[in-house]
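We're numbering straight along the sequence, starting at 1.
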Amino acid sequence: MHRHTNKLSSETSPYLLQHAHNPVDWYPWGEEALNRAKQEDKPVLVSIGYAACHWCHVMERESFEDEATAAFMNEHFINIKIDREERPDLDHIYMDAVQAITGQGGWPLNVFLTPAGKPFYGGTYFPPRRAFNRASWLETLEGIVQAYTGRRHEIDAQAESLTEHLEQANSFGLQKEGDPSVFSEARLHDAFGQIMKSADPDWGGFGKAPKFPQTFTIGFLLRYHHVLAEGGQATQALQQALLSLDKMIEGGIYDQLGGGLARYSTDAEWLAPHFEKMLYDNALLLNVLSEAYQLTRKERYREVIAETIGFVQRELLHTLPGSGEKGFYAALDADSEGVEGKFYIWHPLEVKEVLGEDATLFCRYYDITAAGNWHEGKGSSILRVKTPPEQFARENGLEPAALQAMLERGRRQLLERRAGRVRPLLDDKVILAWNALMNTACSKAFAATGNGDYRQLAIDNMTFLLNHFGTGQPQELHHTWKNGEGKYPAFLDDYACLVQALLELHTVTADTRWLLEAQRISEYVITHFSEEGTGFFYYTRAGQPDVIVRKKEVYDGALPSGNSLMAYNLYRLSILLDRRDWRERSEAMVAALGQAIVRYPTSFGVWSCLLLEMVAGTHEIALVGPQAPIVLEELLREFIPHRVTMASFVPDDIFPLLRGKAAAAPVAAYLCKNFTCREPVYSVTGLLELVNGEK
């Protein structure tokens, strides 16, 4: 029995359900709440967060569960809770507004709207009492009420001004005429220089704490090293990329016991994360690890690929009963039992209890000490690796194999002990874009390692997405799925990520049904999301009624922007399907952002990778013959980042890359680049010689 129940109780979002029994009279976003605001002429409080958000939980405990605070909110405001992962379109709009007001953003996001839905004030976390140079939550609410009732004209003017700013911000960074000079090696060298200005040469990554993985930037460095740089620049690019990966997977941001990456590190050394584990971060880590493994064959990268996919399958996988179709859940919370990170941290006495004689060495290797390295609890430690295993074995008089066996045994035993702890909350909604990112990651992991289970996981997941996210209209999809029901119209990110996944799945299976589906969905996006006259795409489809602005997202942040992915998708499809108009559109998008890409490459990571491919050129590879699928798997293990590939037993006039290509036993391999085709060769070795000669 609960003392309070509000209108969130019938929602499916775990985040909204967390607030369903607050004394605050919360509404979900919708006409009921907005109509009541208009009828009663009250300001609207929109509070946005997500299930794995630590500070969202803190503000709930401090303010939203307080009876007196809730009573004031209920009397003077219409209160709306939004799960940012269900409605990223609204989150983007109101986050931009708060950043314009305060100069910063984050979650929880608390924004105040007029009854017409236009923002006029907001902020992030507000403490229950004045602290951190912030007004208390109740003081803020009282100030809003006084302004709304006593200076309404100022409130309305601020709301109009902010809405106008949001409209204008859609064109920030875009050049009307574009910049064709950006398509040059010199500008790419400039972009590399900008990246290295922010690179941390000691701990990897880019910028200062807090540190995010920035896997797109690492991917750019791998490509830059491989195809464009020479001498010292090539070495520098590769060293920084691999240093960043190595330090992350040795740090506390990576779960040393169970695999999987947390969202970001609060310090420069990757030790102390915010412990939430998001599906998309792990997908993006897998992408770049797969490429690094192709390039270096470093065994630790293959191990982390296996550990991370193992974590996803163990803790984030939903298998549809009776079908074998699979979806991926969204996230794991940072907190358990109300304490951030409690599920993941260890005390040496508990390790001793579990591991016995192995405990001393195990604790030394993973930095588990009596003093502790984690500020939340005295004597508590986050597992991290401070010394490479070969060096550690040498310093402790051990054979490397014996050390690895002991560490593996200890990890398994501690993981079993950890399974008995109170688990963090699982956010069990299935998000289309995030699933598509993990689908791409599974395909890339298969390509790099040859593990067929990864490819099958991608097929099972894609079957699930196409079968259960549809709305009944051709190519129209939902954004989320839970308990057998799809919700909310899909956004640009959803479609863009799905097209990318379909293209990658086509590459690793040679099954053209995935390519044709990618073509159909891209045509839908062009019809329903295009901004007239620019070539770019809106975040929301045409006709969506409940947004005050149709946002146009171009930045690559924690997630790739829908525009950068669509530009990449159209570029690849233009080659595979001989669509010159799609290539020209993609190039125009890059040219319009050219100066921003070069000046701020860490904010335009996917764009910079696309620019690099456009300058370096794309290898167009066709494999035709009875052994084409087998030879394809051999080819995929190689690091050829700028390539499109088709494989077939026989020529196929439907697809340009296969048209007129004679088959041979075991295979005929054809390479084209920059509108020029080479004579066929008959082995992967011969093909790689041609590819390397074209770099």
Do the rings of [X] and [Y] sit parallel, tilted or perpendicular, given the 30° and 60° boundaries?
| X | Y | result |
| --- | --- | --- |
| W107 | Y50 | perpendicular |
| W137 | F126 | tilted |
| W607 | F536 | tilted |
| H318 | Y329 | tilted |
| H2 | H21 | parallel |
| F64 | W26 | perpendicular |

Among F328, W434, F464, exactly one meets ring-ring contact (aromatic ring centres under 6.0 Å, His included) together with W481. Which residue is that? F464

So for atom [atom1], which belongs to [X], do other residues, nucleotides or ligands contribute more than 12 heavy atoms lying within a distance under 6.0 Å?
| X | atom1 | value |
| --- | --- | --- |
| E337 | CD | yes |
| K42 | NZ | yes |
| R129 | CZ | no |

Kindly indicate whether the side chain of [X], heavy atoms from C-beta on, has any atom under 4.5 Å from the side chain of [Y].
| X | Y | answer |
| --- | --- | --- |
| K277 | R263 | no |
| V554 | F604 | yes |
| M73 | S63 | no |
| D428 | P14 | yes |
| L465 | L432 | yes |
| W55 | H274 | yes |
| K81 | N6 | no |

Enter the distance from [X]:[atom1] to [Y]:[atom2] here, rounded to the nearest 0.5 Å.
| X | Y | atom1 | atom2 | value |
| --- | --- | --- | --- | --- |
| D255 | L261 | CG | CG | 10.0 Å |
| L271 | K211 | CG | NZ | 12.0 Å |
| I48 | R87 | CD1 | CZ | 10.0 Å |
| D427 | C53 | CG | SG | 12.0 Å |
| S564 | F537 | OG | CZ | 11.5 Å |

So, [X] versus [Y]: side-chain donor-acceptor pair below 3.5 Å or not?
| X | Y | result |
| --- | --- | --- |
| S265 | D267 | yes |
| Y488 | H478 | no |
| H92 | D89 | no |

Member of E85, E86, H479 meeting the side-chain hydrogen bond (donor to acceptor under 3.5 Å, both in side chains) criterion with K429: E85

